[in-house]
Structures are given as C-alpha cells and as structure tokens.
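In what follows, a single structure is set out as structure tokens and then discussed.
Computed from a prediction, not measured in an experiment: that's the story for all the values here.
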Amino acid sequence: MTTYGSFPGTRPRRLRSSPVMRRMVAETRLHPADLILPAFVREGVSEPVPIGAMPGVVQHTRDSLKKAAAEAVAAGVSGIMLFGVPEDSKKDGLGTPGTDPDGILQVALRDVRAEVGDDLLVMSDLCLDETTDHGHCGVLDSEGRVDNDATLERYAEMAQVQADAGAHVVGPSGMMDGQVGVIRDALDQIGREDVAILAYTVKYASAFYGPFREAVGSSLQGDRKTYQQDPANVRDSLRELALDLEEGADMVMVKPAGPYLDILARVADASDVPVAAYQISGEYSMIEAAAEKGWIDRDRAIMESLTGIRRAGARNILTYWATEVAQKLKDQ
C-alpha cells in the first residue's frame, strides 16, 4: 500500500513545469518601453568607428546615429541617451564644445530630433568629461582639483544649449553637489520647464567604466574618486537621493547597475519618482567577451542580467542591447 503522507505536501515545481506556466506566473517582465539606448556620436568621421572594448558598439557618424535612432523607434525603445565625442583639438580646460551650439552633441541632438520627432525621448549626457582636455567632469581650480561651484555654472550653460538643441531630457552625470537645482533653475529661466531631468543620483567610482573611456575618447589622467561615490557606502546614496529629489529631479538613476543591485533596491524603495539603472560598458563587455569565448550563452545572459536589474527595482534600464532586446521582446 502506498503511504501518501510520505510525499511532499507542497511542490513549487508545479509552477515551473512548462514555458507557458513560467510565463504566466512570472513576477518580473521586460518590455521594450523599459529600455533606453546609450549612443555615441563622433565628430569628423565618415564611417562608424567600432569600439574595440565594446564589441558590436560604435562611435556613430551623424547619419548612422539617425539610423540607429529610427531603429530604436521601430523596436519600441523609449529613449536614446546621446554622448558627443568632439575632435581632440577642440577640447580645452573649460569643455567649450559642451556649450558651443555647434558642438557635436548639440548638432546630434538636432539631427535626432529632426529624424524621430517626439517618437523617441531624446536624452543628452550633461557632463564635461568628453569635452575637457583633462578628462574630468568639471572645471579645475589652480591646484588641479575639480571646482564644484565653477562647474555648476558650466552645467547651467550646457543645460540651456542642450534644451535649445532639442533634448527632451537632460542627464547630469558629473556628481557635482547642487547640480540638479542649478540645472532646473537654468532651464526654467529660458522657459524650458518642459525639459525633464534624469539625475545620475547614484554614481559609484567603478572599475567597470573602463570600456566607456575608449567609447568617448576620454583624456582622463587619474581618477574621479573625489566626486563619484565610494563603492563601500550605502547611506551616501540615500543622502544623494534625498538631495536630488529636493532639488527637483524628475527621474533618478543608479550607475552601475549589476554590481549595485542592493543599492538600486534601496533607492527604488525610497524614491517617489521613476528610477533608472545604467548597465554600463564593463557589464556589457564582460558578457560579450565571455560569450565570444563560448563560456556562456550570450542571449540568456543578456536577458538574465536585464531581468535582475528590473527585478531589483529599475523602472527603466539604459543598456547597449536596448534595440536588440526590444526587438526580441516584440517578436515573442
């Protein structure tokens, strides 16, 4: 005689028994609208330039950037975050290309707005690191330190020229104290209350930015540890969140994403505005490199990493796979 009581009374495996069952009970779902595509546009090139440390990603020409934006729209991606790469000869200590209406980022913003209109949120990186000859995110003082308040004046100018060039959203990423409030005031002063601020609220001084330095042609010597956050700290991130919300941030971001899922979850729990996370260059490149070696399943690893970020609390994810993944999600 069978003794039925010897069997498990609860069998969670029943809810994992088939693809349709797993899909029905999934607690976290990715959607194309969750995704934002970071993209680089380089001045003075006639063909897209492959980024060696980021297989599959390029520094765009103006024309190829417009094509990439149109493809993102077709795939259902919500936004494109633009980074400008000026010619080295135009960089200086003040990051002049960042406030020049004819600087590469401003030109690219106008190009993309003309191409996609309001079908895609056109976002702009608001920082000086790509445009300074020293590679830091701000203006330096006489002792070579980043001058917070002098940098804020430059950010205010950048916000205005980026808004004039067509940005729907500006993304201040320099981690200067008070940057959100200054940028909000600068935008409001020119009647651009409609331009939203996606604040890089949590930005750690991370080793995972390495490939990005190639992507933007960074001139940085040294590091950014005096203004980006210490990876050892949590309270610092929650303090930054409170300040950015008080200063008027419309959305906030955690960067990097994957190594800081605990921080992302804490920020998402505490925030009353949408929270984004940036799956940065090093996260992207590690998966691509391991997949190229045949060590992991590329597509599964991409989807798993993005699902983990979404599960931790990100409403939106900046990822270099945005268009590819959005198209796959649409085809499912």
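His134 places a side-chain N or O within 3.5 Å of a backbone atom of Gly93 that can act as its donor or acceptor partner. A side-chain donor-acceptor contact under 3.5 Å links Glu283 to the backbone of Ile280. Judged by distance alone, the side chain of Asp244 and the main-chain N or O of Ala199 form no donor-acceptor pair under 3.5 Å. Counting only distance, with no hydrogens or angles, the side chain of Arg315 and the backbone of Ala276 share no donor-acceptor pair below 3.5 Å. Distance alone, capped at 3.5 Å, places no donor-acceptor pair between the Ser285 side chain and the Gly282 backbone. Judged by distance alone, the side chain of Asp230 and the main-chain N or O of Ala232 form a donor-acceptor pair under 3.5 Å. Although no hydrogens or angles enter the test, the distance criterion places no donor-acceptor pair under 3.5 Å between the side chain of Thr28 and the main chain of Arg311. Side-chain N or O atoms of Gln59 include one that pairs as donor or acceptor with a backbone N or O of Ala215 at under 3.5 Å. The closest donor-acceptor contact from the side chain of Glu247 to the backbone of Gly181 lies under 3.5 Å. At least one donor-acceptor pair closer than 3.5 Å links the side chain of Thr151 to the backbone N or O of Val139.
Ion pairing between Asp100 and Lys90 fails under the 4.0 Å rule for side-chain N and carboxylate O. Classification of Arg266 and Asp269 as a salt-bridged pair fails, no side-chain N sitting under 4.0 Å from a carboxylate O. Asp111 has a carboxylate O that lies under 4.0 Å from a charged side-chain N of Arg62, or vice versa, which qualifies the two as a salt bridge. By the 4.0 Å N-to-carboxylate-O rule, Asp188 lies too far from Arg192 to be salt-bridged with it. For the pair Asp147 and Arg154, the salt-bridge criterion is not met [side-chain N within less than 4.0 Å of a carboxylate O].
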Side-chain polar contacts of residues 250-265 - donor-acceptor pairs under 3.5 angstrom, sequence neighbours left out - could you list them?
unit_1	atom_1	unit_2	atom_2	d
Asp250	OD2	Ile197	N	2.9

Could you pull out every donor-acceptor pair under 3.5 Å between side chains of residues 287-303 and any protein atom, sequence neighbours left out?
unit_1	atom_1	unit_2	atom_2	d
Glu288	OE1	Arg298	NE	3.2
Glu288	OE2	Arg298	NE	3.1
Glu288	OE2	Arg298	NH2	3.0
Glu288	OE2	Trp321	NE1	2.8
Asp297	OD1	Asp299	N	3.2
Asp297	OD1	Arg300	N	3.1
Arg298	NH1	Glu324	OE2	2.8
Arg298	NH2	Glu324	OE1	3.0
Arg298	NH2	Glu324	OE2	3.4
Asp299	OD1	Lys328	NZ	3.1
Asp299	OD2	Lys328	NZ	3.4

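For the residue pair Gly138 and Val146, the shortest heavy atom distance occurs at CA-CG1, 4.0 Å. Closest approach of Ala70 to Glu115, counting heavy atoms only: CB-OE2, 4.2 Å. Here the shortest heavy-atom pairing between Gln160 and Gln189 reads NE2-OE1, 4.3 Å. Nearest heavy-atom pair across Val112 and Ala69 is CG1-CB, 3.8 Å. Considering every non-hydrogen atom in both Leu35 and Ala322, the closest pair reads CD1-O, 3.5 Å. Of all non-hydrogen atoms in Ala159 and Leu187, the two that sit nearest each other are O-CD2, 3.5 Å.
Judged purely by distance below 3.5 Å, without hydrogens or angles, the side chains of Gln279 and Ser305 pair a donor atom with an acceptor atom. Judged by distance alone, the side chains of Asp118 and His168 do bring a donor and an acceptor atom under 3.5 Å apart.
Side chains of Ile80 and Ile36 form no contact here, defined as non-hydrogen atoms less than 4.5 Å apart. Put simply, the side chain of Phe83 does not reach to within 4.5 Å of the side chain of Ser124, judged on heavy atoms. At least one side-chain heavy atom of Leu306 sits under 4.5 Å from a side-chain heavy atom of Ile317. Under the 4.5 Å side-chain criterion, counting only non-hydrogen atoms from C-beta, Tyr200 is in contact with Asp125. By the 4.5 Å heavy-atom criterion applied to side chains, Leu82 and Phe40 are not counted as neighbours. With a 4.5 Å cut-off on side-chain heavy atoms, Met81 and Leu198 count as touching. Two residues are said to be in side-chain contact when any heavy atoms from C-beta on lie closer than 4.5 Å; Pro172 and Ile183 meet this criterion. Side-chain atoms of Val182 and Gln179, non-hydrogen and from C-beta on, never get closer than 4.5 Å to each other.
More than 12 heavy atoms of other residues, nucleotides or ligands sit less than 6.0 Å from atom CZ of Arg22. In Glu47, the CD atom is not crowded: 12 or fewer heavy atoms of neighbouring residues, nucleotides or ligands sit closer than 6.0 Å. Atom OH of Tyr209 has more than 12 neighbouring heavy atoms from other residues, nucleotides or ligands inside a 6.0 Å radius. Counting non-hydrogen atoms of other residues, nucleotides and ligands closer than 6.0 Å to CD of Glu193 gives a total above 12. Annotation: Glu87, atom CD; neighbour count of heavy atoms from other residues, nucleotides and ligands within 6.0 Å is above 12.
Cluster annotation: Val195 is not connected to Val122 through the hydrophobic network of ILVMFWY side chains, with a link wherever side-chain heavy atoms come within less than 4.5 Å. Leu105 and Met123 fall into different hydrophobic clusters, where Ile, Leu, Val, Met, Phe, Trp and Tyr are joined by side-chain heavy atoms under 4.5 Å apart, directly or via other members. Placement of Leu30 and Leu121 within a single hydrophobic cluster is found when ILVMFWY residues are connected by side-chain heavy-atom separations under 4.5 Å, directly or transitively. Neither Val58 nor Leu37 shares a network with the other; the hydrophobic side chains, linked directly or stepwise wherever heavy atoms of I, L, V, M, F, W or Y lie under 4.5 Å apart, form separate groups for each. No single ILVMFWY cluster, assembled from side-chain heavy atoms under 4.5 Å apart, contains both Leu318 and Met175.
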Q: Given side-chain contact (heavy atoms from CB on, under 4.5 Å), test Ser78 with Asp34 step by step and report yes or no.
A: CA-CA 7 Å; Ser78 284; Asp34 299 336; over 6 Å; no
Q: Might you work through the side-chain contact (heavy atoms from CB on, under 4.5 Å) test for Val49 and Arg42, ending with a clear yes or no?
A: CA-CA 8 Å; Val49 179; Arg42 179 171 170 178; 3.7 Å; yes
Q) Could you walk me through whether Asp331 and Gln327 pass the side chain to side chain donor-acceptor pair (under 3.5 Å) check? A) CA-CA 6 Å; Asp331 292 343; Gln327 189 59 61; 3.1 Å; yes
Q.
Let's go through Ser237 and Gln229 carefully: what are the C-alpha distance in whole Å and the side-chain angles of both, what is the deciding distance for side chain to side chain donor-acceptor pair (under 3.5 Å) to 0.1 Å, and is it a yes or a no?
A. CA-CA 8 Å; Ser237 296; Gln229 291 167 258; 3.0 Å; yes
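The CG atom of Leu128 sits 8.0 Å away from the SG atom of Cys137 when rounded to the nearest 0.5 Å.
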